[in-house]
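What follows is a short report on a single structure.
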There are 2 protein chains.
Amino acid sequence: MDKKEHELKIIIDPTSGIPYYRQIILQIEMAVADGRMKVGKQLPTVRGLAVDLQVNPNTVVRAYRELEFRGLVTTQHGTGSFISDIEMNMSDVERAQVLSQLVRGFVSQISSYGFTVEDIITYLTDYQEEIGL
Amino acid sequence: MDKKEHELKIIIDPTSGIPYYRQIILQIEMAVADGRMKVGKQLPTVRGLAVDLQVNPNTVVRAYRELEFRGLVTTQHGTGSFISDIEMNMSDVERAQVLSQLVRGFVSQISSYGFTVEDIITYLTDYQEEIGL
DNA sequence: GTATGTGTACTAGTGTCTTAGTACACTGGT
DNA sequence: ACCAGTGTACTAAGACACTAGTACACATAC
């Protein structure tokens, strides 16, 4: 490919109240989730993106580092950052902890809307059949 | 009712890294979501809980205030704090839509961590057994 | 080895979050 | 009116989150 490696357009909204580094993370996650960014593709360079967004390089680094920690991105000193092959290199224990955190957070959230654990289970089982099997 | 009004047992883990007030919120939300706390039931008093948890009253207040803001709890100066009747004056259709949005959003979130709907269902059913029910 | 492009480390300022100390105000029963 | 129980307001200290400034280190091509 001699085309531009990363057409990924990241923009940040200084008025949103969401930290810059987190806005970067979110947009990269989205790009991966919806297929715009594929495995092996290079992300914008730290400096390049920093200049684009008029932000400190460290802010970009912070975003990339968190993505790397999650296994979504691989960084190579001197070379660049790339979308990595997402292998869930988590132990079962870690997996269980993460799931617990996620689910409990969600349960709390839905209680604010007046829903119950029972409601979710019902919905999910229905949902499973629906997308079915 | 002359029985104890709030058998709700709240505990906080100082080592978890989760703010005290947030741990309180989470546990109350969970209790509501899973049915241990029902509408009208009194929450532990601000001072009582503060003493129990060896925490400043303001920390408890902060938790209750956020819950009140969300409509989950009603507090009455001088009287106490209670689980409020969450009327979302929503039609069944709206309710279903909201639940659908919430759950689907959550499902896409957990998929990015490699979890499945099955994982959630399993976790939730286990959880329900665990708390008695 | 030099140049240029890449990521990294160290430091520090600013603001926000979290919690506590303390004193005040409301409610209901006596 | 009083009292004991309840929530509330004001203040401030400490920890942490976020961002920036600046200098350093690695990778690759020439």
Side-chain angles (χ1 to χ4, degrees), chain A residues 1-2 4-6 8 10-28 40-84, chain B residues 1-2 4-6 8 10-28 40-84:
Chain A
M1 297 187 198
D2 42 13
K4 293 215 55 169
E5 264 302 334
H6 39 74
L8 183 57
I10 294 182
I11 57 176
I12 55 178
D13 174 6
T15 71
S16 69
I18 303 172
Y20 295 169
Y21 84 98
R22 191 147 291 282
Q23 295 189 42
I24 295 171
I25 290 175
L26 285 172
Q27 291 183 51
I28 292 172
K41 233 181 169 184
Q42 182 173 15
L43 292 168
T45 66
V46 168
R47 265 191 191 62
L49 187 54
V51 171
D52 269 8
L53 303 180
Q54 302 194 49
V55 131
N56 193 280
N58 279 324
T59 302
V60 178
V61 165
R62 178 160 184 183
Y64 284 12
R65 186 129 48 190
E66 181 163 334
L67 289 169
E68 184 172 23
F69 180 73
R70 295 198 214 160
L72 200 69
V73 160
T74 302
T75 297
Q76 285 169 15
H77 196 162
T79 308
S81 299
F82 307 84
I83 302 298
S84 66
Chain B
M1 293 179 212
D2 41 12
K4 292 214 55 170
E5 265 302 335
H6 39 75
L8 183 57
I10 294 183
I11 57 175
I12 56 179
D13 173 7
T15 70
S16 70
I18 302 173
Y20 296 169
Y21 84 97
R22 190 145 292 283
Q23 296 188 42
I24 295 171
I25 290 175
L26 285 171
Q27 291 181 54
I28 292 173
K41 236 182 169 184
Q42 182 173 16
L43 292 169
T45 68
V46 168
R47 264 191 192 61
L49 187 54
V51 172
D52 269 9
L53 303 179
Q54 302 193 49
V55 130
N56 191 279
N58 279 323
T59 303
V60 178
V61 165
R62 176 160 187 183
Y64 285 10
R65 185 129 49 190
E66 182 163 333
L67 289 169
E68 184 171 24
F69 179 74
R70 297 197 212 162
L72 201 68
V73 160
T74 303
T75 65
Q76 285 169 12
H77 197 161
T79 310
S81 300
F82 306 85
I83 304 296
S84 65

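These figures come from a predicted structure and were not determined experimentally. Letters A, B, ... mirror the listed sequences (proteins, then strands); counts begin at 1.
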What does the B/S/- profile of nucleotides 22-30 of chain C look like, 5' to 3', with a 4.0 Å heavy-atom cutoff to protein?
BBBBBS---
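Under 4.0 angstrom from either OP1 or OP2 of D/dT8 there lies at least one side-chain N or O belonging to B/T75. Of the side-chain N and O atoms in B/R22, none sit less than 4.0 angstrom from OP1 or OP2 of C/dT18. Contact check, B/T45 against D/dG5: no side-chain N or O comes under 4.0 Å of OP1 or OP2.
In this structure, B/Y64 reaches neither bases nor backbone, as no heavy-atom distance under 4.0 Å exists between it and the strands shown. Backbone-only contact: B/Y21 has heavy atoms under 4.0 Å from sugar-phosphate atoms and none from a base.
Taking atom CG on A/L49 and atom P on C/dG7, their separation rounds to 10 Å, with Å as the unit. Rounded to whole Å, the distance from CD1 on B/I12 to P on C/dT18 is 14 Å. Distance CZ (A/R62) to P (D/dG21): 17 Å, rounded to an integer number of Å. Put simply, CG on A/L53 is 17 Å from P on D/dC18, counting in whole angstrom units. The distance between atom CD of A/E66 and atom P of D/dT19, rounded to the nearest whole Å, is 12 Å. Atom CD1 of B/I25 and atom P of C/dC17 are 13 Å apart (whole Å). Nucleotide C/dG7 holds its P atom 13 Å from the CD1 atom of A/I24, rounded to whole Å. Atom-to-atom, CZ of A/R65 to C1' of D/dA17 comes out at 15 Å; the value is rounded to the nearest Å.
A donor-acceptor pair under 3.5 Å is formed between the side chain of A/S84 and the backbone N or O of A/G71. A/Q42 places no side-chain N or O within 3.5 Å of a backbone atom of A/G80 that could act as its donor or acceptor partner. Checking side-chain atoms of B/E66 against main-chain N and O of B/I25 turns up no donor-acceptor pair under 3.5 Å.
Closest approach of B/Y20 and B/V55 over heavy atoms only: CD1-CG2, 3.4 Å. For the residue pair A/I24 and A/A63, the shortest heavy atom distance occurs at CG2-CB, 3.7 Å.
B/T75 places none of its side-chain heavy atoms less than 4.5 Å from the side chain of B/R65. When side chains are defined from C-beta on, A/L8 counts as touching A/I28, because their heavy atoms get closer than 4.5 Å. Side-chain contact between A/Y64 and A/L49 is present, with heavy atoms from C-beta onward closer than 4.5 Å.
In the helix from C/dG1-D/dC30 to C/dT30-D/dA1, the rotation axis of the first five pairs and that of the last five pairs differ in direction by 20°, rounded to 10 degrees.
Checking C/dT19, D/dA20, D/dG7 against the side-chain heavy atoms of B/Y20 singles out C/dT19 as nearest.
Side-chain atoms of A/Q23 and A/S16 include a donor-acceptor pair closer than 3.5 Å.
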